Amino acid sequence: MLLTLSVSGYRSLRDLTLPLKRLNVITGPNGSGKSSLYRAIRLLADAAQGRVIGSLAAEGGLGSTLWAGPEAFSRAMKAGDAPVQGTLRRDRVSLKLGFADEDYGYAIDLGLPQPSRSVFGRDPEIKAEAVWAGEVLNQRNMFASRAGSAVRILDDSGARVSVLNNLSAFDSMMTHAADPRSAPELLALRERMRAWRFYDHFRTDREAPARRAQVGTRTTVLSSDGSDLAAALQTIREVGDSRGLDEAIEDAFQGGSVEISVTEGLFEVEMRQHGLLRPLKASELSDGTLRYFLLVTALLTPRPPSLLVLNEPETSLHPDLLPPLARLIAQASERSQIIVVSHAAPLVEALVEAPDSAVFALEKRLGETVVPGSEAPAWAWPKR
Ligand SMILES: Nc1ncnc2c1ncn2[C@@H]1O[C@H](COP(=O)(O)OP(=O)(O)OP(=O)(O)O)[C@@H](O)[C@H]1O
Ligand SMILES: [Mg+2]
């Protein structure tokens, strides 16, 4: 379970460190930084799989994602007595992401490239990375560190040995220094982070992948586009919590039930409803009904991930469906740690009731995302 999440210099998240619980709800008004926080967690997951530079580029590059405000606010700026303006920078420009779970912590620091003549000269560079044991990074508990192109690892005798000195600025030590013999911790952490699961705005339009009949194979994890919905539902029926599935459907649509029809290997979702003579196919379901099915399937996965992140699951759901959804999410939090980004008040209010939950209500002050009332846990970044 993740205990701490920290982001610095990413869009409106100038400096945010959150103490996480089993079930975490991120909420706040438009423009407060919810989506930015969601994306920051995705970037962190990408970083450990060596994909962070490409993911940043897909978001418009480092220039667009870096905090656009001044390095610091003076007291007069905060009071509104002086205009907000930049001062001479004291620190280097950097975008930092990190987390600590019960065993390990990982952080990455990205910065501007050295001037070069390459046409890729605008790519951001990985300036520093660290993996440590325990909640807060310090000199003693750090067992792998990267500064520039050099990676050093703590060996069995407690000495820091250099394992790489020519790591490219676009490669992560998590992919290039993880070795089952010299750095099994990096490998373990990378695998752990690979299993983090993200669901973000399932498509439910007419052409949505979830509406099409598909060849089905046993599917323990719903894909992020929902294309294997029917196979994933059938897998829950056969090897998962089939009763929980029926209850979740009944909870939302009284008298309704879901079935999977298979014709010549093609799997299709069908819903039986009170009052109808024939079941409705996925192509005939309403957007909200289909999205609810997708969420049920994601949450009842027979292979619960260590971390499940849901971005605005309430989209296109009628308020009546939010309490059943909240119950499902709360139940799923017994199997996985969950982070939900939502601005649906009924969902947020219902989730607060779950044991070991936390609500982070984001606000924006002078362009910066803050969480009033949440005390930032101790945190330290690796040095460049
Ligand atoms: N580089 C940047 N520096 C500072 N602020 C930025 C930067 N890029 C975007 N922003 C601002 O950060 C704020 C947070 O955006 P975000 O998309 O996370 O909001 P949100 O809480 O998801 O809002 P909504 O509910 O409307 O989706 C926005 O006001 C956006 O304009
Ligand atoms: Mg948003």
Side-chain angles (χ1 to χ4, degrees), residues 5-18 20 24-47 52-53 55-74 77-78 83-87 89 91-97 99 108-113 122-125 198-204 224 291 295 309-317 319 322 325 329 338-349 351 358-374:
L5 177 69
S6 192
V7 183
S8 165
Y10 180 71
R11 299 190 187 276
S12 61
L13 312 175
R14 190 175 74 93
D15 194 8
L16 195 72
T17 304
L18 299 178
L20 298 184
N24 305 276
V25 186
I26 314 283
T27 186
N30 291 133
S32 58
K34 302 180 298 294
S35 298
S36 302
L37 190 55
Y38 172 81
R39 290 207 222 147
I41 307 171
R42 279 205 87 136
L43 272 180
L44 187 56
D46 286 347
V52 71
I53 307 286
S55 305
L56 266 177
E59 293 197 21
L62 190 65
S64 150
T65 46
L66 278 173
W67 158 244
E71 189 179 10
F73 290 105
S74 68
M77 285 188 219
K78 279 190 191 157
V84 173
Q85 54 189 2
T87 47
R89 289 200 72 89
D91 274 339
R92 280 165 290 198
V93 170
S94 94
L95 186 172
K96 294 181 279 206
L97 307 162
F99 77 96
I108 183 168
D109 174 358
L110 293 132
L112 296 174
R122 293 161 66 92
D123 283 2
E125 291 187 349
F198 295 85
Y199 289 109
D200 182 10
H201 292 123
F202 286 116
R203 271 181 61 193
T204 54
S224 53
R291 182 156 288 136
L295 290 164
V309 191
L310 299 173
N311 191 27
E312 302 188 346
E314 71 269 15
T315 311
S316 86
L317 293 191
L322 298 182
L325 177 61
I329 294 176
I338 297 192
I339 301 179
V340 189
V341 176
S342 169
H343 51 191
L347 182 64
V348 175
E349 281 155 23
L351 289 175
V359 173
F360 301 101
L362 308 186
E363 280 180 22
K364 221 154 74 169
R365 281 197 203 137
L366 286 175
E368 173 185 358
T369 296
V370 292
V371 193
S374 160

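Numbering of ligands and ligand atoms starts at 1, following listing order. Everything numeric in this text was worked out from a predicted model, so none of it was measured. Computed over heavy atoms, backbone and side chain alike; hydrogens, waters and symmetry mates excluded.
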Side-chain heavy-atom pair [X], [Y] within 4.5 angstrom cut-off:
X	Y	answer
Tyr10	Leu43	yes
Thr369	Val7	no
Leu317	Leu347	no

Apply side-chain contact (heavy atoms from CB on, under 4.5 Å) to the pair Ile26 and Leu18, showing each step before the final yes or no.
CA-CA 11 Å; Ile26 314 283; Leu18 299 178; 4.3 Å; yes

What residue and atom, counting heavy atoms only, is the protein's closest point to [atom], and at what distance?
atom	value
atom 26 (O) of ligand 1	Asn30 ND2, 3.0 Å
atom 28 (C) of ligand 1	Lys364 NZ, 3.5 Å
atom 6 (C) of ligand 1	Ser12 N, 3.8 Å
atom 18 (O) of ligand 1	Ser36 OG, 2.6 Å
atom 3 (N) of ligand 1	Ala68 N, 2.8 Å
atom 8 (N) of ligand 1	Arg11 NH1, 3.6 Å

Would you name the heavy atoms of [X] and [Y] that are closest together and state the gap between them?
X	Y	value
Leu366	Met77	CD1-O, 4.1 Å
Pro70	Trp67	O-NE1, 2.8 Å
Arg291	Thr204	NH2-OG1, 3.6 Å

Counting only nitrogen or oxygen atoms and a 3.5 angstrom limit, does Ser64 reach ligand 1?
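Such a contact does occur with ligand 1.
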
Please determine if Gly31 has a nitrogen or oxygen closer than 3.5 Å to a nitrogen or oxygen of ligand 1.
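Checking ligand 1 against Gly31, an N or O pair does fall under 3.5 Å apart.
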
Using a strict cut-off of less than 4.0 Å between a Lys/Arg side-chain nitrogen and an Asp/Glu carboxylate oxygen, indicate whether Glu59 and Arg42 qualify as a salt bridge.
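Here Glu59 does not pair with Arg42 in a salt bridge, since their nearest N and O are not under 4.0 Å apart.
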
Show which atoms of ligand 1 fall inside a sub-4.0 Å distance from at least one heavy-atom site of Leu66.
1 (N), 2 (C), 3 (N)

Within 4.0 Å of some non-hydrogen atom of His343, the atoms of ligand 1 are 25 (O)

Indicate if the distance from the Mg ion (ligand 2) to the nearest N, O or S atom of Asn30 falls below 2.8 Å.
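Not a single backbone or side-chain N, O or S atom of Asn30 is under 2.8 Å from the Mg ion (ligand 2).
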
Quick one: CD on Glu368 to CG on Leu362, what's the gap to the nearest 0.5 Å?
11.5 Å

Does ligand 1 have an atom under 4.0 Å from some heavy atom of Gly33?
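Distance cut 4.0 Å: Gly33 passes for ligand 1.
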
Given Pro29, Ser32, Ser35, which one has a non-hydrogen atom that is nearest to atom 17 (O) of ligand 1?
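Shortest heavy-atom distance from atom 17 (O) of ligand 1: Ser35.
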
